[in-house]
Structure formats: structure tokens, C-alpha cells
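Letters go in sequence order (proteins before strands), and every chain restarts at 1. The structure presented is a predicted model; accordingly, all values stated were derived computationally and were not measured.
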Protein chains: 2
Amino acid sequence: MTVERACDVLLLFAELPQARLGVTEIATTLELSKPAVHRILSSLRNKGMVELDPSNRKYSLGPVILNLGLSYLDKLDIQAIAAPELARLSRATNETATLSVRAGDGRVYVDQVTPHREVLMSVQIGILHPLHAGASSKAFLAHLPDEEIDRHLGEPLRLLTPRTVVDPVSLRRELAAIRQRGWARSVGERQAGAASVAAPVLDVRGHPLAVVSVCGPAERFEPEMATCVEHLLAATARLSARAGRPADGGPPTVAAGGP
Amino acid sequence: MTVERACDVLLLFAELPQARLGVTEIATTLELSKPAVHRILSSLRNKGMVELDPSNRKYSLGPVILNLGLSYLDKLDIQAIAAPELARLSRATNETATLSVRAGDGRVYVDQVTPHREVLMSVQIGILHPLHAGASSKAFLAHLPDEEIDRHLGEPLRLLTPRTVVDPVSLRRELAAIRQRGWARSVGERQAGAASVAAPVLDVRGHPLAVVSVCGPAERFEPEMATCVEHLLAATARLSARAGRPADGGPPTVAAGGP
DNA sequence: AGCCGTGTTCCGATATTCGGAGCTGCATTC
DNA sequence: GAATGCAGCTCCGAATATCGGAACACGGCT
């Protein structure tokens, strides 16, 4: 009970635009007695969660709160928090939802949820894929810093399927479009007969933490693509929020140059 | 009492490297009874401060904690938290300590603490200064993104004193040196007869939130400079930590190119 | 100087937390 | 597959920490 009240006090600081609050202000807003608020604030102050400005006698959030927040980010287990989103995505689209993270020079699928259908797409978990082909790969590549993009496009690009784009100029144009609209698409670039859309989960600095994709057999996937993108972006927006990205989105990426 | 225990539980998550903790684990570490820990965790969970993984029955920090931390950053009042550091700096060096923030195309002093001496330096609060002359200005400029540096050096640079550096090439060399060593110096560049050292307060992304300087009359300041820098960097390191910068420092700035 | 609003302290009453003991459910073991 | 162990959860009377009204300090205002 008391600890829930203490949480309410902390949350009040987060909700209200003003940084400094007085005891009475908090008490009336939360409908608590002044002594109760005072006791709670004293306890929180002992632990550094809030600070007291002795001149004003106003309280504000303390630096320890920041430590906790950063610790949350440190320990962020993207696979764990993405799992329910993948399940939801797969159910909503009736296709396969995947999660990729970077590994070495490329990326690997670390998780997937497949739909309950006879014809479906299933990716291989743990296999290294290059960053120049396929929606998930391009979603990563598009949101990397310019130097890394240059590095990847400097290497010769392997032709994985007949539809793989290996021309650096075309690929750069494609990456710019992906950055702008926030998602990538591919039809058979990495895997012949497969199609997919993918979008990144961005952290507070705009770096891609992971990429989520929805994919399926090419023939039936292409007409579904628009609705898949809709669900996909909703999912990645929620995940990015949990990685510290503000709700309004912010700049597409730190490395995105002007238009 | 209980809310302090609840804080201890949260802090335990931040201190320990592992992200997920069980009830017994927490209870033994904190020397609390299991029911007490369970009650606390339930309350915290109701408020989203911690999350429960139903499969493991392990608890971890929740996304609300991140909201609180980001809210702390939003409301960060650099002037308020810098005030005691300025006082300490001025006392330690027996010179004037100042705080500047960016404003428009330049910067303004927003606070200062002067020493108790007859001959001293006092800056004017609230006056806009350009970013190319003086230690505080150069400390800002050196840590801005490359595009902004280019923009500032593209404009013609005004000669404020006979010692102002107006040659873009020399200035760029100077800025690189400032980035590398983490602090800037000036002798009479902005104000004839004055000398100062300055260092930035960097936020979590490496952007300069404010600049702290120590300054005084040129003749007596120059021999004191080494010790002033020492105290200055200690102060800005503490302030940067409170703005989310990890203790180890990290890269000097996001915009700093290769050596 | 006197007032008002705020933060703080005091107090008995009581509701809440306390922790030992016991229960449940999962997992590992033989 | 039954038994064992462990961890989490629930129950309970006892006790103590929290509760809130009221009174007290402390500044800032008029």
C-alpha cells in the first residue's frame, strides 16, 4: 500500500511538466494527507530517489532514478520483450514474424513465430546473413551510421538469388527510401520465393537494437503487404518505446543526412 | 521503512549484473523475509516498476522505471545542479567559476560564483557571445556536430580582441585539440586581460548541455591554470554523470571524426 | 509587525505490515 | 513415475509502523 503510494508520488513527477513539487501540491493531487506524503518523500530522499531543494523546500527526482533507468536499458532483453509482439504480429497477419539482431558483420534471426497454416515460411535461427539483401538486413543497414554503410557497400556484394540487388548505387537509393518511410521490403532478394517487410527497433540514440520482420511465401504475401506493414510498425513503435525512444518518433536515425 | 525497503529492492536490480532476480535471492541478499519481498514486488509490479516473467517467476525492472529516468533527464535543471559545483570550484581555485548554456547561435553565461578577493573577474550574465572566441565558447564549439562547426566557421569571424583567432584553419586545429584533451583555454581571446579554462558537461548522447569555466585576470591566472583544469574536469565529470554520461567517459563526442 | 501559506512534528488509534509456518506447483532425481 | 527438493505464494495472530488530525515552526507577503 505505502509502496504503491510512493510509486504514485514518483510517477507524479514524471507526469507533471514542472520539475519541482511541494508537499501540499503532491498531497492534494494524489488525495493523500500531508504527513503521509512527507514520510514518503523522506524515505525516497534517504535513498536518493528524490532531492530536496532546501531554499524552496520543493522536491524533484534524484539522480538515482536515472541510474535505475539506465540500468533498465543495460539489461534490456530484446528477445524477451519482443516475444509477445512476435506472437501478436503472427496472429494478426497470419504470417511468420521474426526477430533479428546484429552479429559480426551481418545479422542472425534469434526468434520467430510461425502461423498455423500448411504453407508457411520458416527462417533458420542463428545463421549469419549479410546486410545487403532481404528486408531485415536492409532495415538494419539503412539505420546504421554512414561510415558503416560505406564499409558494407565497399565490399563486393554477393548475389544470393537472381533478385539480389548488388549495385551499390541502387542500394543506396533504396536505403534512403527505407530510412524515410521507416520500413524495408524485399521480394526474393535473400530467399527465392519469399517476401517480407521489416522495421527496426531503435534505441534512445536512434541506433537499431533489433529488426522485426513479417514474411511469407511471395505469391500470397504481396497483396497482404500493406496490412502487414501497418501491424509491423505498430509493433516496432511499441518496442522502440520500451528501449527509450520517445513516443513522437524523433529523427529517423542519427546517421540520416538531409533529404 | 517499507518504502525504503522497496527502494533497496529496486537498487538491487541496478547493482547486480543479472537482470532477473527471484524472491528468495532478493530476500537473502537484503536480509528480508520472503513475504516482505513478495509484497513489495507485488506493489511495484502493480505500478509497472518491475515485471514478472511468468515462466521463470523471476522479476526484472519494468519500463516505467525508464520513463522515470527519462523524465529526470527532461527536467534536468543544469543551473540548479551546477550551482554547488561552481561554488566549490571557485573556493578551490580562488577564481571565478561560470556556467554557460547555448542560446541562439551563441551562448550566454547563466551563472557565476566569484572569489572573495579585491581583484577578480566577473562576467555578464545573459549577454550573447559568439562561439569562436574564449574558452567557454570553444568548449561548446568543439563538441558540436561537424555540420554545426562548419556552419559557424563558414561565417566571417569577428575580431573581439587583438588576440581573437579568426583563421578557420587554425581554429579547426584548436578544436580538435580541445576535443582530444577535453578542455579549452583562452588568454584574452574574448576579453582582453582575461584568461580562462573551460570544459563541457556532456549528456548521454555526448552533446554539450552546458559549459563550466574557471577564469581570472590573465597575469595571475596563467600559472594557476594547471590546478584549475584539474578541479574543473573533476567538476564537469560529476555533472556529466548526473546528465546520464557513464562514469568511464565514453567517446568525446558523437560528431568527433577520426584522429 | 502581523498574517498567510507551507513544511514539519507530535499524538493516539488502527489498519498494515511483519515473519514463521504451511501449502502449492514445478523440476529434477532415482 | 513416485519421491524429493526447492522456490514462490498464502495464511495467520502479533506487533509495529503507518495513518491523519491538530498543533507547531518557518518564510515570504501585504
Colleague: Counting heavy atoms not belonging to Q18(A), are there more than 12 under 6.0 Å from its CD?
Modeller: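 Buried by this count: over 12 neighbours within 6.0 Å.
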Colleague: With a 4.0 Å cutoff (strictly under), does any side-chain N or O of T2(B) reach OP1 or OP2 of dT16(C)?
Modeller: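 Checking T2(B) against dT16(C): no side-chain N or O falls below 4.0 Å of OP1 or OP2.
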Colleague: Just checking, is any N or O donor in the side chain of T98(A) or S213(A) under 3.5 Å from an acceptor N or O on the other one?
Modeller: yes
Colleague: Specify the angle, to 10°, made by the local axes at the two ends of the helix from dA1(C)-dT30(D) to dC30(C)-dG1(D) when five pairs are taken at each end.
Modeller: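 Axis-to-axis angle, ends of the helix: 40°.
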Colleague: Going through the distances and angles, do Q112(A) and S122(A) end up as a side chain to side chain donor-acceptor pair (under 3.5 Å)?
Modeller: CA-CA 8 Å; Q112(A) 72 176 326; S122(A) 174; 3.2 Å; yes
Colleague: Reckon H38(A) has a side-chain N or O less than 4.0 Å from the OP1 or OP2 of dT8(C)?
Modeller: yes
Colleague: Tell me the interatomic distance from D53(B), atom CG, to dG8(D), atom C1', rounded to whole angstroms.
Modeller: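 These atoms are roughly 14 Å apart.
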Colleague: In whole angstroms, how far is the P atom of dG8(D) from the CZ atom of R45(B)?
Modeller: 13 Å
Colleague: Atom CE of M1(A) and atom C1' of dT18(D): how far apart are they, to the nearest Å?
Modeller: 11 Å
Colleague: Nearest heavy-atom pair of P208(A) and P200(A): which atoms, and what distance?
Modeller: CB-CB, 4.3 Å
Colleague: Starting from C1' on dT18(D), measure out to CZ on R5(B) and report it in whole angstrom.
Modeller: 13 Å
Colleague: Can you name the closest pair of heavy atoms from V123(B) and C215(B) and give their distance?
Modeller: CG1-SG, 4.4 Å
Colleague: Let me know, please, whether V3(A) or K34(B) comes out on the 5' side of the other along DNA chain C by nearest nucleotide.
Modeller: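 With V3(A) and K34(B) compared, the 5'-side residue is V3(A).
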Colleague: Can you name the nearest heavy-atom pair linking V214(A) to C228(A), along with the distance?
Modeller: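 Looking at all heavy atoms of both residues, the shortest contact is CG1-SG, 3.9 Å.
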Colleague: Provide the full list of side-chain hydrogen bond (donor to acceptor under 3.5 Å, both in side chains) pairs with a residue in residues 70-87 of chain B, sequence neighbours left out, each pair given once.
Modeller: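 Residue pairs with at least one partner in residues 70-87 of chain B: S71(B)-K75(B), E85(B)-R238(B).
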Colleague: Write out all pairs satisfying ring-ring contact (aromatic ring centres under 6.0 Å, His included) with one or both partners inside residues 99-128 of chain B, taking only residues at least two apart or from two chains.
Modeller: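 Matches after skipping sequence neighbours: Y109(B)-H129(B).
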Colleague: Name every residue in residues 56-63 of chain A that has at least one heavy atom under 4.0 Å from any atom of DNA chain C, in order of residue number, or write none if there are no such residues.
Modeller: R57(A), Y59(A)
Colleague: L41(A) CG to dG7(C) P: how many Å, rounded?
Modeller: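 Result: 10 Å.
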Colleague: Between L209(B) and I78(B), which heavy-atom pair has the shortest distance, and what is it?
Modeller: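 Reported closest heavy-atom pair: CD2-CD1, 4.3 Å.
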Colleague: Kindly give the heavy-atom pair with the smallest separation between A103(B) and L128(B), and that separation in Å.
Modeller: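 For A103(B) and L128(B), the tightest heavy-atom pair comes out as O-CD1, 3.1 Å.
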Colleague: What is the distance from CZ of R39(A) to C1' of dG7(C), rounded to the nearest Å?
Modeller: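 Taking atom C1' of dG7(C) as the reference, CZ of R39(A) is at 14 Å.
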Colleague: Tell me which residues in residues 15-26 of chain A lie within less than 4.0 Å of DNA chain C, going by non-hydrogen atoms.
Modeller: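 By residue number: G22(A), V23(A), T24(A).
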Colleague: Test: salt bridge (Lys or Arg N to Asp or Glu O under 4.0 Å). Region: residues 90-109 of chain B. Which pairs qualify, not counting sequence neighbours?
Modeller: E95(B)-R117(B), E95(B)-R220(B), R102(B)-E148(B), D105(B)-R151(B)
Colleague: Just how far, in rounded Å, is P of dC18(C) from CG of L30(B)?
Modeller: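 Result: 13 Å.
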Colleague: Output the rounded distance in Å from CG (L32(A)) to C1' (dT8(C)).
Modeller: 17 Å
